[in-house]
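Working notes for the structure below.
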Number of protein chains: 2
Amino acid sequence: MKISTKGRYAVRVMLDLALNNTGECIKVKDIAARQDISEKYLEQIIAALSRAGFVNSVRGAQGGYRLSKAPENYTVGMILRVTEGSLAPVACLDEGAEACERCDTCETLEVWRELARAIDNVVDNVTIADLVNRRKKRLEALDYSI
Amino acid sequence: MKISTKGRYAVRVMLDLALNNTGECIKVKDIAARQDISEKYLEQIIAALSRAGFVNSVRGAQGGYRLSKAPENYTVGMILRVTEGSLAPVACLDEGAEACERCDTCETLEVWRELARAIDNVVDNVTIADLVNRRKKRLEALDYSI
DNA sequence: TGTAATTCCTACTATCTTAGTAGGTTTGTT
DNA sequence: AACAAACCTACTAAGATAGTAGGAATTACA
């Protein structure tokens with residue numbers, strides 16, 4: 001029941017892009033340095049985000065990436081699903097899963113359904129914009145305390 | 001983010017023990033047959049439940065297993081934690097995890113905390129007794145429809 | 001026009017986890 | 001004594017995870 005590094009890193013990448021958005025392109029190299037993640041591995045992760053249309057890429061020198069929409073348009077759930085695949089806690093609940101023959105007598109399935117709902121409810125209700133705001137508030141609080 | 005077979009099977013085993021409780025010992029062989037799980041694999045799973053004190057074992061011929069307490073004393077969460085280990089979605093939140101150095105600026109950690117709470121809230125609020133009752137209701141509904 | 005910087009693409013790999021299998025030992029009943 | 005059960009430990013095949021590696025394509029800029 002762990003979220004993989006891929007998923008966790010992807011969320012951090014999206015947050016990094018939102019926090020460092022100046023209108024300019026942001027290079028993988030810079031994200032990798034800030035987030036302390038291998039450049040090469042990040043390349044793969046951001047490629048998935050790009051394929052999903054979450055970021056726009058600009059090739060060549062001075063190229064890089066930018067969020068394709070404003071941060072409030074991306075939920076943590078969207079990002080995790082793109083990088084991790086389904087967030088359902090059992091295969092029976094994956095999209096396109098064929099019903100197993102125990103389904104109708106399977107008392108546990110209902111529990112997994114509740115669990116899936118609870119998980120979705122959290123990750124689909126936090127956006128990258130929320131994380132940006134929390135970060136800002138945290139920094140403000142820090143300022144006052146000095 | 002999947003629950004392993006071990007955890008899922010463990011819940012089914014506990015439910016099976018609750019449903020088939022006649023006061024007599026229940027043999028692994030019978031559970032395996034009813035649940036359609038390999039006997040040898042089940043042995044390992046039930047051994048974990050036994051070590052945790054969830055079931056009592058009786059060795060020798062006519063031996064087997066029994067729930068050590070009434071079904072309402074076992075939550076799905078307890079069972080999953082015994083067989084799966086921590087249900088926390090990231091290692092940072094595992095019991096006894098040392099704080100990583102990014103913790104204080106890690107906006108995502110708070111999301112994982114919410115997620116952990118949501119997961120716990122589901123699995124810690126469903127007991128084996130609940131599953132037994134749901135099964136009974138389902139069977140009754142079936143009876144009436146005939 | 002050349003060169004450096006960047007994304008893009010594909011393959012490879014080492015390690016860990018999962019989901020079992022296998023074989024034997026101990027304990028208790030009949 | 002024979003049998004049936006739990007108990008114990010080691011092994012293993014397949015897959016997932018978390019990267020590494022190397023180069024090709026594209027573009028800005030000198």
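So that the names make sense, note that chain A is the first sequence line, chain B the second, and so on, each numbered from 1. Computed over heavy atoms, backbone and side chain alike; hydrogens, waters and symmetry mates excluded.
Comparing A:Tyr41 and A:Ala61, the nucleotide of DNA chain D nearest to each residue sits closer to the 5' end for A:Tyr41. Two residues, A:Gln62 and B:Gly60, neighbour DNA chain D, and the one matched to the more 5' nucleotide by heavy-atom proximity is B:Gly60.
For the pair A:Tyr65 and C:dT6, the criterion of a side-chain N or O lying under 4.0 Å from OP1 or OP2 is not met. The side chain of B:Ser57 places an N or O atom within less than 4.0 Å of a non-bridging phosphate oxygen (OP1 or OP2) of D:dC7. Side-chain nitrogen and oxygen atoms of A:Ser38 include none within less than 4.0 Å of the OP1 or OP2 phosphate oxygen of D:dG19. Look at B:Tyr9 and you won't find any side-chain N or O under 4.0 angstrom from OP1 or OP2 of C:dA19.
Between A:Gln44 atom CD and D:dA18 atom C1' the separation is 9 Å, expressed in whole Å. Between the C1' atom of C:dG20 and the CZ atom of B:Arg8 lies a distance of 13 Å, rounded to the nearest Å. Nucleotide D:dC8 holds its P atom 14 Å from the CD1 atom of B:Ile46, rounded to whole Å. Protein atom CG of B:Asp30 is 13 Å distant from nucleotide atom P of D:dA4, rounded to whole Å. The nearest whole Å value for the distance from the CD1 atom in B:Ile26 to the P atom in D:dA5 is 13 Å. Atom CD of A:Glu39 and atom C1' of C:dA5 are 11 Å apart (whole Å). Residue B:Met1 contributes atom CE, which lies 17 Å from atom P of D:dA16 at whole-angstrom precision. At whole-Å resolution of the value, CZ in A:Arg12 and P in D:dA18 are 13 Å apart.
Remark: A:Arg81 engages A:Asp124 in a salt bridge, criterion side-chain N to carboxylate O under 4.0 Å. A salt bridge does not link A:Glu39 with A:Lys29: every distance from a Lys NZ or Arg NE/NH1/NH2 to an Asp or Glu carboxylate oxygen is 4.0 Å or more.
For B:Lys29, taking side-chain heavy atoms from C-beta onward, the closest of the listed nucleotides C:dA19, D:dA5, C:dC8 is D:dA5. Checking C:dA19, D:dC7, D:dA18 against the side-chain heavy atoms of A:Ser4 singles out D:dA18 as nearest.
For A:Glu43 against C:dC8, a side-chain N or O and a base N or O form a donor-acceptor pair under 3.5 Å. With hydrogens and angles ignored, a donor-acceptor pair closer than 3.5 Å exists between the side chain of B:Arg59 and the base of C:dT26.
The residue B:Lys40 sits close to a base: some heavy atom pair falls under 4.0 Å.
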Legend entry - side chain to side chain donor-acceptor pair (under 3.5 Å) between A:Tyr74 and A:Ser68, intermediate numbers included: CA-CA 10 Å; A:Tyr74 303 103; A:Ser68 56; 3.0 Å; yes
Inset, instruction - Begin from the C-alpha positions of A:Ser4 and A:Glu84 and carry the test side chain to side chain donor-acceptor pair (under 3.5 Å) through to its verdict. - result: CA-CA 7 Å; A:Ser4 70; A:Glu84 296 251 313; 2.3 Å; yes
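Here the closest heavy-atom approach between residue A:Cys103 and residue B:Arg138 is recorded as O-NH1, 4.2 Å.
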